[in-house]
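Worksheet for the structure shown next.
All residue numbers in this chain count up from 1 along the given sequence. All ligand and atom numbering here is 1-based and tracks the order in the structure.
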Amino acid sequence: MDIGMVGLGRMGANMSRRLLHGGHRITGYDADPQAVSVLQSHGGKAAASLEALVHALVAPRVIWLMLPTSQISNTLSTLAPLLSAGDCVIDGGNTFYQDSIRRARTLGLLGLSFVDVGVSGGVWGRERGYCLMIGGEQAVVQRLEPLFMTLAPASGDDSGAAGAERGFLHCGPAGAGHFVKMVHNGIEYGVMAALAEGFDILRGAGFARRETVGPGIDPAHYAYDFNLADIAEVWRHGSVISSWLLDLSAMSLLLDGDLADFSEQVPDSGAGRWTVRAALDEGVPSPVLTAALYQRFSSRDRDAFGRRLLSALRYQFGGHVAGPGPVPEK
Ligand SMILES: O=C(CO)[C@H](O)[C@H](O)COP(=O)(O)O
């Protein structure tokens, strides 16, 4: 198929390369001309502007946006007047699903189709393929199937696997793809938090070798010196918690057991918050995913003032001092 790819960052560039390798023709646009040159070096065509991209494609056009969430509205405002009825825009970013529902309606009034695709696979997707969660009208999604077949992990697999087994799924009408991806990312936070906490506990299992243990704790119970990379590795083989995130943990720990080059402050791009909001709207308890989201806020010291207030209160009611702070009056 002929596709216009807008956004040639880590995801857009790698997806374009996988599509080119699968025999599709890509015309790409990115605000960074260097990213467009890289696409050209892999056999794609370059467009110098969104206008040029639209003109380079034959109607009915398919334009795939792989952009940060913040750039989708402006890009659609520029694109929409350039497109013709029957053209299709795909948003493959981590967009809030309610924005996708609204955009599908707005573009639909102009005769344009809008398909939301949650894409998971990260920087490894070019080789491994991408898991695709798709929302939109059935007929439009069906027309785009050759693209999904190529991007999904089982591309080139002639086992006869279809749809979900290949790694793509039409989840429902507009917004459904981004809704499913939102929850996927919410789960991702939870699994990541569980791995982080578990490895932290294993790392602490030798604390009695380094410091005086508290009353009632036998130092012999905390005298281990675990090799975390080895533990992650052994868990990868046949354990109940084997997973790709565990594979990535094993690789990270092998490269540097202290993870010294990584920040303790963990950002979030929005999907975790939206998942928790959906859980609130649905009245579904989601303590694990919520705690994992709050862990990220804590990592950025968003609760530092609250923690100081805890210390202040302990001081006020009991004269307890924690760390540097006012000395209680006798
Ligand atoms: O879509 C993704 C993986 O599937 C995102 O790359 C990942 O979820 C990053 O999100 P956050 O910045 O919130 O951690």
Which bit of Asn94 gets closer than 4.0 Å to ligand 1, counting heavy atoms only: side chain, backbone, both or neither? side chain
Taking CD in Glu137 as the centre, count heavy atoms belonging to other residues, nucleotides or ligands within less than 6.0 Å. Is the count above 12? no
Look at the rings of Tyr97 and Phe179 and say which category their plane angle falls in: under 30° parallel, 30 to 60° tilted, over 60° perpendicular. perpendicular
Nearest option to atom 4 (O) of ligand 1, as decided by whichever heavy atom of Arg296, Glu188, Met11, Arg10 sits closest: Glu188
Does Arg236, at its CZ atom, have more than 12 non-hydrogen atoms belonging to other residues, nucleotides or ligands within less than 6.0 Å? yes
List ligand 1 atoms under 4.0 Å from Lys181, heavy atoms only on the residue side. 1 (O), 2 (C), 4 (O)
Without hydrogens or angle criteria, can the side chains of His42 and Ser16 be said to hold a donor-acceptor pair below 3.5 Å? no
Go through ligand 1 atom by atom and flag the ones less than 4.0 Å from a non-hydrogen atom of Ser120. 4 (O)
Option whose closest heavy atom lies nearest to atom 10 (O) of ligand 1, chosen from Ser269, Gly125, Gly270: Ser269
Using a 4.0 Å cut-off to any heavy atom of His184, which atoms of ligand 1 qualify? 4 (O)
Give a yes or no on whether Arg302 atom CZ has more than 12 heavy-atom contacts from other residues, nucleotides or ligands under 6.0 Å away. no
Do Leu144 and Phe168 come close enough that some side-chain heavy atom pair is under 4.5 Å? no
How close does the nearest protein non-hydrogen atom get to atom 13 (O) of ligand 1, and which residue and atom is it? Tyr189 OH, 2.5 Å
